**Q** 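Take this structure, written in structure tokens, and hold onto it; I'll ask about it next.
A quick note: this is a predicted structure, and the numbers were derived from the prediction, not measured.
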Amino acid sequence: AQLPGWLPVTPPKFIAAPPRLGMEVMAPAIINALNGSSVKLSCTFNSCYKVENKQFSLNWTYQECSNCSEELFLQFRTKIMNKQLDRFGNRVEFTGNPAKYDVSFTLKNVQLEDEGTYNCYVLNPPDRHRGHGKISLKVLTKELPKHDSTVAVIVGASVGGFLAVVILVLMVVKCVRRKKQQRLNTDDQKTEEEGKTDGEGNPDEGTK
């Protein structure tokens with residue numbers, strides 16, 4: 001089926017959808033995997049609402065090139081469903097937990113032809129906007145040379161921790177505002193309905 005126009009990186013670079021879209025999806029921009037190994041493609045999200053399986057939906061798609069069509073290979077509709085593409089066979093295993101806002105999967109026995117872009121699409125009503133994460137998978141035939149990256153790891157961890165705190169604060173503020181707006185809309189609707197009831201249910205006594 002097709003959808004019309006979806007070894008770890010150190011330190012990982014995460015891309016989040018802008019807060020104004022209503023849902024943030026976090027996924028590493030690039031993942032390197034050694035040919036023949038297993039690799040986890042991580043995708044997590046933030047939402048103001050608890051995940052309900054009957055409403056929650058997830059699509060993972062594969063895109064061989066930037067101009068290629070997206071191929072759906074993993075889907076969540078009430079339960080997880082694998083689309084057995086010839087490309088992946090039974091090498092795809094869902095290893096996330098939607099209830100914990102994690103929709104990651106593991107690709108086993110990575111092949112050179114698995115290189116490409118993997119798109120993670122998430123929708124968690126009442127959020128109205130679908131979140132989107134994108135991962136570029138690079139398959140290596142030999143391991144990258146090891147070098148001392150202690151400083152880079154420390155800096156990456158510090159920056160990543162700071163960004164996580166910022167995203168959390170933005171989510172809390174956004175959720176509070178959204179729920180407050182929903183209460184205001186509900187109160188306005190009640191006031192309007194009460195006004196109509198008073199106007200129609202209290203006839204002018206002077207006309208008796």
**Q** Could you see if L85 belongs to whatever hydrophobic cluster contains V92? Use Ile, Leu, Val, Met, Phe, Trp, Tyr and a side-chain cutoff under 4.5 Å.
**A** yes

**Q** Answer yes when K108 and E93 have at least one side-chain N-carboxylate O distance shorter than 4.0 Å, and no when they do not.
**A** yes

**Q** Quick check on side-chain contact (heavy atoms from CB on, under 4.5 Å): which of V103, D127, T78 does F56 satisfy it with?
**A** V103

**Q** Which atom names give the shortest non-hydrogen contact between L107 and V110, and what distance separates them?
**A** O-CG2, 3.7 Å

**Q** Are any non-hydrogen side-chain atoms of N46 and M26 less than 4.5 angstrom apart?
**A**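 Yes, at least one pair of side-chain atoms sits under 4.5 Å.
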
**Q** Heavy atoms only: give me the nearest Y49-P125 pair and the separation to one decimal.
**A** CB-O, 4.5 Å

**Q** For N124 versus E52, what's the shortest heavy-atom pair and its separation?
**A**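 That would be OD1-N, 4.1 Å.
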
**Q** Considering all heavy atoms of both residues, which atom of A27 and which atom of I135 are nearest to each other, and what is their separation?
**A** CB-CG1, 3.8 Å

**Q** Mind telling me whether F45 and Y101 have parallel, tilted or perpendicular rings, with 30° and 60° as the class edges?
**A**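 Correct class here is perpendicular.
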
**Q** When rounded to the nearest 0.5 angstrom, what is the spacing between OG in S37 and CG in L140?
**A** 8.5 Å

**Q** Would you indicate whether the side-chain heavy atoms of H132 and V25 approach each other to under 4.5 Å?
**A**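 SC-SC contact between V25 and H132 ruled out.
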
**Q** Drop me the distance from R87's CZ to Q111's CD, to the nearest 0.5 angstrom.
**A**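 Spacing of CZ (R87) from CD (Q111) equals 11.5 Å.
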
**Q** Contact between D114 and F88 at the side-chain level, heavy atoms closer than 4.5 Å - yes or no?
**A** yes

**Q** From T141 OG1 over to L112 CG, what is the distance, rounded to the nearest 0.5 angstrom?
**A**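 The distance works out to 7.0 Å.
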
**Q** Got a second to check how far C43's SG is from F105's CZ, nearest 0.5 Å?
**A**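 Between C43 SG and F105 CZ, I get 10.0 Å after rounding to 0.5 Å.
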
**Q** Could you walk me through whether Y62 and F73 pass the ring-ring contact (aromatic ring centres under 6.0 Å, His included) test, one step at a time?
**A** CA-CA 7 Å; Y62 169 78; F73 65 89; 7.4 Å; no

**Q** Tell me whether E115 contacts the main-chain N or O of V139 through its side chain, where contact means a donor paired with an acceptor under 3.5 Å.
**A** yes

**Q** Roughly how far, to the nearest 0.5 Å, is the NZ atom of K142 from the CG atom of L34?
**A**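 One gets 11.5 Å once the value is rounded to the nearest 0.5 Å.
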
**Q** At their closest point, which heavy atom of F76 faces which heavy atom of P98, and how far apart are they?
**A** CE1-CG, 4.1 Å

**Q** Are I80 and V51 in one and the same hydrophobic cluster, where Ile, Leu, Val, Met, Phe, Trp and Tyr link if side-chain heavy atoms are under 4.5 Å apart?
**A** yes

**Q** Hey, could you give me the CG/OH distance between L74 and Y118, rounded to the nearest 0.5 Å?
**A**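 If we round to the nearest 0.5 Å, L74:CG and Y118:OH are 12.0 Å apart.
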
**Q** Does a side-chain heavy-atom distance below 4.5 Å link L58 with C120?
**A**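 Yes - at least one pair of side-chain heavy atoms lies under 4.5 Å apart.
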
